[in-house]
> 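Got a structure for you, written out below as structure tokens; questions coming shortly.
None of the values given here were measured: they were computed from a predicted structure.
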Amino acid sequence: VQLVESGGGLVQPGGSLRLSCAASGRTFSSYAMGWFRQAPGKEREFVATISSGGSSTHYADSVKGRFTISRDNAKNTVYLQMNSLKPEDTAVYYCAAGPFAMVRATTYNHWGQGTQVTVSS
């Protein structure tokens, strides 16, 4: 499966963005999906994950209550709605597909190219 992220950009603190990740192929609904991010000089970190059917989600503590992950299997797309953005949310955001909805990046087999999110006034 190939993944393409979109929706990143520059936003002021307190603002919102919605990231999208479009997947190719007919097996999207069999994959758990995750969002990760990597800030300059830092390691890639887990943000959120959703099960293949969409019934189960899990978030990093740093984004819980502000970010929402969702998916539309009919459109082969996973979303990350980001509200109340903070400067520390600035990073390249990646979506990933794998067999299980896990927090470890190594459990995901397929990755997108990333989209930049910058939170600054």
> Determine whether V63 and V11 fall in the same hydrophobic cluster, where Ile, Leu, Val, Met, Phe, Trp and Tyr are linked whenever their side-chain heavy atoms lie under 4.5 Å apart.
yes
> Nearest heavy-atom pair of A91 and A39: which atoms, and what distance?
CB-N, 3.8 Å
> Could you list all the salt bridge (Lys or Arg N to Asp or Glu O under 4.0 Å) pairs where at least one residue sits in residues 93-109, not counting sequence neighbours?
none
> Please list all pairs passing the salt bridge (Lys or Arg N to Asp or Glu O under 4.0 Å) test where one or both residues lie in residues 89-103, with sequence neighbours left out.
R37-D89, R66-D89
> Output the distance between atom CZ (F67) and atom OG1 (T57), rounded to the nearest 0.5 Å.
14.0 Å
> Restricting to ring-ring contact (aromatic ring centres under 6.0 Å, His included), what partner residues turn up for Y94, sequence neighbours left out?
none
> Just verifying a value: how many Å separate M102 CE and S51 OG, rounded to the nearest 0.5 Å?
13.0 Å
> Going by salt bridge (Lys or Arg N to Asp or Glu O under 4.0 Å), name the pairs with one or both residues in residues 54-63, residues two or more places apart or in two chains.
D61-K64
> If only atom types and distance count, is the side chain of S24 paired as donor or acceptor with the main-chain N or O of Q2 below 3.5 Å?
yes
> Could you walk me through whether Y108 and F36 pass the side chain to side chain contact (heavy atoms under 4.5 Å, CB included) test, one step at a time?
CA-CA 11 Å; Y108 294 85; F36 292 77; 3.6 Å; yes
> Quick check: closest heavy atoms across F100 and T107, and the distance to 0.1 Å?
O-OG1, 4.5 Å
> Which heavy atom of N73 sits nearest a heavy atom of S52, and at what distance?
ND2-O, 3.1 Å
> To the nearest 0.5 Å, how far apart are SG in C95 and CD in E5?
4.0 Å
> Heavy atoms, side chains only, cut-off 4.5 Å: are S120 and P87 in contact?
no
> Which residue pairs pass the disulfide (SG to SG under 2.5 Å) test when at least one of the two sits in residues 30-91, sequence neighbours left out?
none
> Where is the tightest heavy-atom contact between A97 and M33, given as atom of each residue plus distance?
CB-SD, 3.5 Å
> For residues C21 and L3, report the shortest heavy-atom separation together with the two atoms involved.
SG-CB, 3.8 Å
> Report the residues that fulfil ring-ring contact (aromatic ring centres under 6.0 Å, His included) with Y31, sequence neighbours left out, ordered by chain and then residue number.
H110
> So S16 and Q81, side chain to side chain contact (heavy atoms under 4.5 Å, CB included) or not? Walk me through it.
CA-CA 8 Å; S16 298; Q81 177 67 44; 4.0 Å; yes
> Would a distance-only check, ignoring hydrogens and angles, find a side-chain to backbone donor-acceptor pair under 3.5 Å from Q116 to G8?
no
> How far apart are the C-alpha atoms of F46 and H58, what are their side-chain angles, what is the distance that settles it, and do they pass the side chain to side chain contact (heavy atoms under 4.5 Å, CB included) test?
CA-CA 10 Å; F46 167 77; H58 181 67; 3.7 Å; yes
> Kindly indicate whether the side chain of L19, heavy atoms from C-beta on, has any atom under 4.5 Å from the side chain of V117.
yes
> Please assess I69 against Y79 for the test side chain to side chain contact (heavy atoms under 4.5 Å, CB included), listing each intermediate value before the final yes or no.
CA-CA 6 Å; I69 188 171; Y79 305 97; over 6 Å; no
> I need the T68 OG1 to N83 CG distance, nearest 0.5 Å.
6.5 Å
> Any donor and acceptor pair, going by atom type alone, linking the side chain of E43 with main-chain N or O of Q38 inside 3.5 Å?
no
> Mark yes or no for whether T90, through its side chain, and V119, through its backbone, hold a donor-acceptor pair below 3.5 Å.
yes
> Check for me, please, whether W111 and I50 land in the same ILVMFWY cluster - side-chain distances under 4.5 Å, paths through other members count.
no
> Can you confirm whether W35 sits close enough to V78 that some side-chain heavy atom of one is under 4.5 Å from a side-chain heavy atom of the other?
yes
> Say whether, by atom type as modelled, one donor and one acceptor occur between the side chain of S29 and the main chain of T27 under 3.5 angstrom.
no
> Measure across F28 and D72 and return the closest heavy-atom pair with its distance rounded to 0.1 Å.
CE2-O, 4.1 Å
